[in-house]
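Accompanying notes for the structure given below.
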Protein chains: 2
Amino acid sequence: MTRPLRADALENRRRILAAAREAFIDLGPGASLDEVARRAGTGIATLYRRFPDRQELMRAVVMDALETAAAEMRSAVEEEPEPFAALRRYVHRAIDARVAAVIPALLDAIPEDDAELTAASGEGGRLLEQLITTAQEAGTLRPDATVADVGALVVRLSRPLPGAVPRDLDIALAHRHADLLLDGLSTAAELTTPLGGPALTFPQLRTAAGGGQRPRS
Amino acid sequence: MTRPLRADALENRRRILAAAREAFIDLGPGASLDEVARRAGTGIATLYRRFPDRQELMRAVVMDALETAAAEMRSAVEEEPEPFAALRRYVHRAIDARVAAVIPALLDAIPEDDAELTAASGEGGRLLEQLITTAQEAGTLRPDATVADVGALVVRLSRPLPGAVPRDLDIALAHRHADLLLDGLSTAAELTTPLGGPALTFPQLRTAAGGGQRPRS
DNA sequence: GTCAAGTGGAGGAGATTACTCCGAAATACC
DNA sequence: GGTATTTCGGAGTAATCTCCTCCACTTGAC
């Protein structure tokens, strides 16, 4: 009986979802819903009309993130025949989509018996597992790394650094550090690729940090 | 004219400082001071008597962390002649001391003209820079990594993972990931050392996560 | 044993937060 | 273009949380 949403309502829904993802990343799962509405550029009533309560909103954010992550993994595998290269591509895409930072933070604020969510979560895990196993069988990924390791590392890379680091710099650094992580810090790794992103010193980082807004939580 | 603190007062001060560090790490710089006192197992009045306001407390936490970090770097250099090994040792010690996670988060909530703090911060940066330069000159650390990279990576490793991950597991994983980071993910690195810490799958991680308390921010 | 230093926790002022209500505006359909 | 209806925005309220002070009691130092 549910009619399709009106065009403006749909657009607003999308914006609220995106704003919620960012707010939860920056401010934690306790981010105020007024703040989410403010970031979305919409009234608070609009948010509540679309998502009756906080849990419903979180659920939608997580579902969206899980689906995006799965899609990114699939296309990475399709586009890159070499499995380690596919993994590398996925990691960078996941950072841009700001997907990994939000999933674990919200996931345990949601009832475990949610079938749809469990399915999406399992699917994502399976895809990543497959990606990793393949790369290990090809001999390009170290065999003692597990799915959880890779997942957790992507989370670590995706989360904004503490302090007032501007968003753009933060993401650029995340990419740079992803390269570093993937290549290895030690020169024992022979095929190191040149690092992308800005090469900063501490003072430069602090100076650059002055421009960003400060996360509250 | 300030007399030395009474023995019990000194112990309480120490406990408050430690509790504040943990609370700021778990809950962010906005952590409630009542919560800090609760974690320290002391009354709220005791906290306020020792640290007149939030800023003073933050300042003390940061100073403590900066000093600890500097001491760890010095002893790491002393104990390990090979510079890359010294770096590795320092990284692990920093994770245990939970030092890196708290510094950047609080540092920009404190006035920049604090001489003592600026000095300590500069000293720490210089020590790390030296450690890194030495390792690069020895040819064991990749030359395109900067101080900021290493600093930021240690921060990324030190922060607790989002979600209800128990503290012990969280720290064990941090060590494991530090090894991974230092060795490099790719098998192109020939001298990979075996990973310490638990090797978990996703489901194991989620299950284990059920036991911990949930960070609020 | 004395006394200054230290302690805990109740409590009030102020700020935040979640959520609702309703007049105004925008959209879809004809 | 006209109109019925969906959607919007923001003021308003009650409940909660946070900071911080005050003061009667306890504890360590000499």
Side-chain angles (χ1 to χ4, degrees), chain A residues 1-61 105-106 109-110 213-217, chain B residues 1-61 105-106 109-110 213-217:
Chain A
M1 264 330 68
T2 52
R3 288 196 187 185
L5 281 177
R6 230 168 66 176
D8 55 342
L10 212 111
E11 168 63 12
N12 275 335
R13 200 191 115 96
R14 224 176 321 217
R15 290 170 62 183
I16 289 172
L17 223 48
R21 183 180 58 232
E22 298 300 311
F24 286 142
I25 290 175
D26 291 348
L27 271 26
S32 119
L33 298 190
D34 288 37
E35 170 71 15
V36 172
R38 207 186 53 71
R39 289 190 184 210
T42 149
I44 179 67
T46 303
L47 187 155
Y48 275 99
R49 192 170 316 102
R50 218 47 68 200
F51 307 95
D53 56 26
R54 176 183 223 91
Q55 180 144 318
E56 207 59 44
L57 176 59
M58 285 185 167
R59 196 183 166 287
V61 169
L106 302 189
I110 292 175
Q213 83 284 13
R214 163 176 321 160
R216 227 169 293 160
S217 83
Chain B
M1 263 332 63
T2 51
R3 290 196 187 187
L5 281 176
R6 230 168 65 176
D8 54 342
L10 213 112
E11 168 63 12
N12 274 335
R13 199 192 118 97
R14 221 174 323 208
R15 290 171 63 182
I16 289 172
L17 223 48
R21 183 182 57 233
E22 298 300 311
F24 287 143
I25 290 175
D26 291 347
L27 271 25
S32 119
L33 298 190
D34 288 38
E35 169 72 15
V36 172
R38 207 186 54 71
R39 290 191 184 208
T42 149
I44 180 68
T46 302
L47 187 155
Y48 275 100
R49 192 170 318 101
R50 220 46 70 201
F51 306 95
D53 56 26
R54 177 183 222 90
Q55 181 144 318
E56 208 57 44
L57 176 59
M58 284 186 169
R59 197 182 165 286
V61 169
L106 302 188
I110 291 176
Q213 84 284 14
R214 164 176 318 160
R216 225 169 295 159
S217 85

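First the proteins, then the strands, lettered A, B, ... as listed; each starts at 1.
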Please report the distance, rounded to the nearest Å, between [atom1] in [X] and [atom2] in [N].
| X | N | atom1 | atom2 | value |
| --- | --- | --- | --- | --- |
| B:Glu11 | D:dG28 | CD | C1' | 14 Å |
| B:Leu47 | D:dT21 | CG | P | 12 Å |
| A:Leu5 | D:dT5 | CG | C1' | 14 Å |
| B:Asn12 | D:dG28 | CG | C1' | 13 Å |
| A:Tyr48 | D:dT13 | OH | C1' | 13 Å |
| B:Ile44 | D:dC23 | CD1 | C1' | 16 Å |
| B:Leu27 | D:dT18 | CG | C1' | 13 Å |
| B:Leu10 | D:dG28 | CG | P | 14 Å |

Looking at D:dC19, I'd like to know if its phosphate oxygens (OP1 or OP2) sit under 4.0 Å from a side-chain N or O belonging to B:Ser32. yes

Any side-chain N or O of A:Arg13 below 4.0 angstrom from OP1/OP2 of D:dT7? no

Would you indicate what A:Ala7 reaches in the nucleic acid, counting non-hydrogen atoms under 4.0 angstrom: base, sugar-phosphate, or nothing? sugar-phosphate

Sugar-phosphate, base or nothing in reach of B:Ala45, heavy atoms under 4.0 Å: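 Here B:Ala45 touches the bases of the nucleic acid.
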
Would you say the base of D:dT7 and the side-chain of A:Arg49 have a donor-acceptor pair closer than 3.5 Å? no

Considering all heavy atoms of both residues, which atom of [X] and which atom of [Y] are nearest to each other, and what is their separation?
| X | Y | value |
| --- | --- | --- |
| B:Val61 | B:Ala20 | CG2-CB, 3.8 Å |
| B:Arg39 | B:Leu27 | NH2-CD2, 3.9 Å |
| B:Ala105 | B:Pro29 | O-CG, 3.8 Å |

A:Leu33 side chain: which of D:dG10, C:dA18, D:dC20 is closest?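 Selected nucleotide: C:dA18.
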
A:Ala9 side-chain proximity, nearest of D:dG28, C:dG8, D:dC8: D:dC8

Between A:Pro52 and B:Arg6, which is nearer to the 5' end of DNA chain C once each is assigned its nearest nucleotide?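 Comparing both residues, the 5'-ward one is B:Arg6.
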
Are any non-hydrogen side-chain atoms of A:Met58 and A:Phe51 less than 4.5 angstrom apart? no

